[in-house]
Amino acid sequence: MNAAPTLEMLDPATLTVDVNVRKDAALTADFIASIKEHGVMEPVIAHRKDDGTVHVLMGQRRTRAAVEAQRPEIPVMIIESPEEAERIVTQVVENIQRAELTEADEADAYHQLSLIGVSAASIAKRTGRKKAAVEGALKAKASEAGTAALDRGWSIETALIMAEFEQDEAATADLESVLMDDPDQLLHVAQRLRDQRESAAALAALIAELEAQGKTIVEDAGHYADDENLHVTAAKREGGEPASEEDANAILITTDYRGQHRTHSVIAGWKDTYFVPKYERYEGGSNVQKGPMTEEQKAERKTLIANNKAAESVLLTELRRRVWIRVLRRGGSRGCAAQTARGTHWPRRDRRRGPKNGRPLALCRPRRQRARDRGLLGVPS
């Protein structure tokens with residue numbers, strides 16, 4: 001049978017304040033002044049251990065404030081010592097009901113309960129939270145990235161996303177950049193990263209399957225005489241008979257804009273076989289070299305392609321920088337500038353398709369036109 005609670009007036013300096021689940025219980029000057037003038041009006045809940053020490057269960061902030069205010073005594077309700085789990089659950093429920101817990105503190109409290117064997121279902125039942133929310137908080141706390149995100153004041157949902165991509169440094173950098181520049185795009189960027197990860201996993205599985213079948217995989221193939229590898233559909237025998245799938249000796253894998261992979265039958269090293277290209281490249285009447293390129297010409301062509309890609313990247317970066325500056329100079333917010341520069345600003349009617357599939361979004365033509373009319377964009381459509 002439980003002993004009846006007793007009310008005692010005790011010196012707050014003699015009380016032991018246990019670890020509280022509310023880490024941000026900072027003492028403000030106004031709160032200390034109020035305690036110094038009026039005292040502690042609501043009794044602190046505590047229990048006395050066998051060694052005589054009194055441990056505070058609820059009211060840690062009032063106790064600390066009373067010590068700071070040098071109050072000689074405060075009212076303390078002494079109750080029978082509860083179990084550790086019951087103490088934390090009671091404290092969590094009280095603080096949640098008073099809306100004094102941040103999401104980080106709430107996740108911390110759930111984590112403490114889980115460490116002493118309280119299930120997510122039991123935590124949800126006692127605190128009135130949904131089981132899925134409790135499980136999400138526990139999952140975030142189980143990750144270093146999730147815990148770090150909570151410590152930075154981010155939500156449990158955000159912490160779960162950071163925990164999901166904890167092992168991917170590039171993805172983590174992208175997510176942190178979005179959180180700094182345009183938090184509203186977080187879910188879209190996260191979905192795009194998931195799609196990319198799923199596509200990469202599917203590609204790796206496909207390559208492993210083809211290699212297990214003894215297939216040769218090539219990186220490129222074309223349709224003309226200057227290509228090292230020919231698509232089967234672009235090859236024929238010297239007598240003119242089209243090549244068939246059975247004639248293929250290699251596989252080319254391509255990936256479309258949705259991240260889906262396709263395989264194409266290829267004749268690798270066709271010049272060493274009895275196959276020839278079906279088609280001749282149209283040169284537009286210009287004096288272009290006939291026949292295959294030399295190794296020197298191939299190296300020069302690769303260098304040219306690489307330089308073109310580098311120049312394109314530089315131009316795109318400069319374009320985004322100018323768009324960013326234009327939007328900011330005309331009073332646009334940083335978020336608006338970031339959206340416009342990234343090309344992820346889409347009209348309301350298109351929002352369902354974009355983030356759901358994680359496809360790269362482009363600034364729609366009507367929006368671009370209005371932006372140019374207002375002088376925000378000085379680039380061609």
Would you say that [X] contacts [Y] through its side chain, given a criterion of any heavy-atom pair below 4.5 Å between the two side chains?
X	Y	answer
R194	F165	yes
H47	I78	no
E164	R197	yes
Q60	T63	no
E157	L186	no
K141	L150	yes
D174	V178	no

Whether the [X] and [Y] side chains hold a donor-acceptor pair (N or O, under 3.5 Å, no angle test) is what I'd like checked.
X	Y	value
T294	E296	no
S265	E245	yes
E312	N308	no

Walk me through whether V54 and T14 qualify under side chain to side chain contact (heavy atoms under 4.5 Å, CB included).
CA-CA 8 Å; V54 178; T14 65; over 6 Å; no
If you draw a 6.0 Å radius around [atom1] in [X], do more than 12 non-hydrogen atoms from other residues or ligands fall strictly inside?
X	atom1	answer
E8	CD	yes
E228	CD	no
E198	CD	no
K36	NZ	no

Show your working on side-chain hydrogen bond (donor to acceptor under 3.5 Å, both in side chains) between D51 and T53 and close with a plain yes or no.
CA-CA 6 Å; D51 60 1; T53 58; 2.7 Å; yes
Is R129 salt-bridged to E106, cutoff N-O under 4.0 Å?
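Yes.
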Less than 4.0 angstrom from a charged side-chain N to a carboxylate O is my criterion; do R237 and D247 meet it?
yes
Could you pull out all residues at least two apart from D256 that satisfy side chain to side chain donor-acceptor pair (under 3.5 Å)?
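If we apply the side chain to side chain donor-acceptor pair (under 3.5 Å) test to D256, skipping adjacent residues, the hits are R258.
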State which residues pass side chain to side chain donor-acceptor pair (under 3.5 Å) with H264; sequence neighbours excluded, sorted by chain then number.
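Per chain and number, H264 pairs via side chain to side chain donor-acceptor pair (under 3.5 Å) with T254.
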[Y] backbone acceptor or donor facing [X] side chain under 3.5 Å:
X	Y	answer
N229	D220	yes
R71	A65	no
E103	S155	no
H261	S199	yes
W154	L179	no
K278	T233	yes

Restricting to salt bridge (charged side-chain N to carboxylate O under 4.0 Å, His left out), what partner residues turn up for E73, sequence neighbours left out?
none
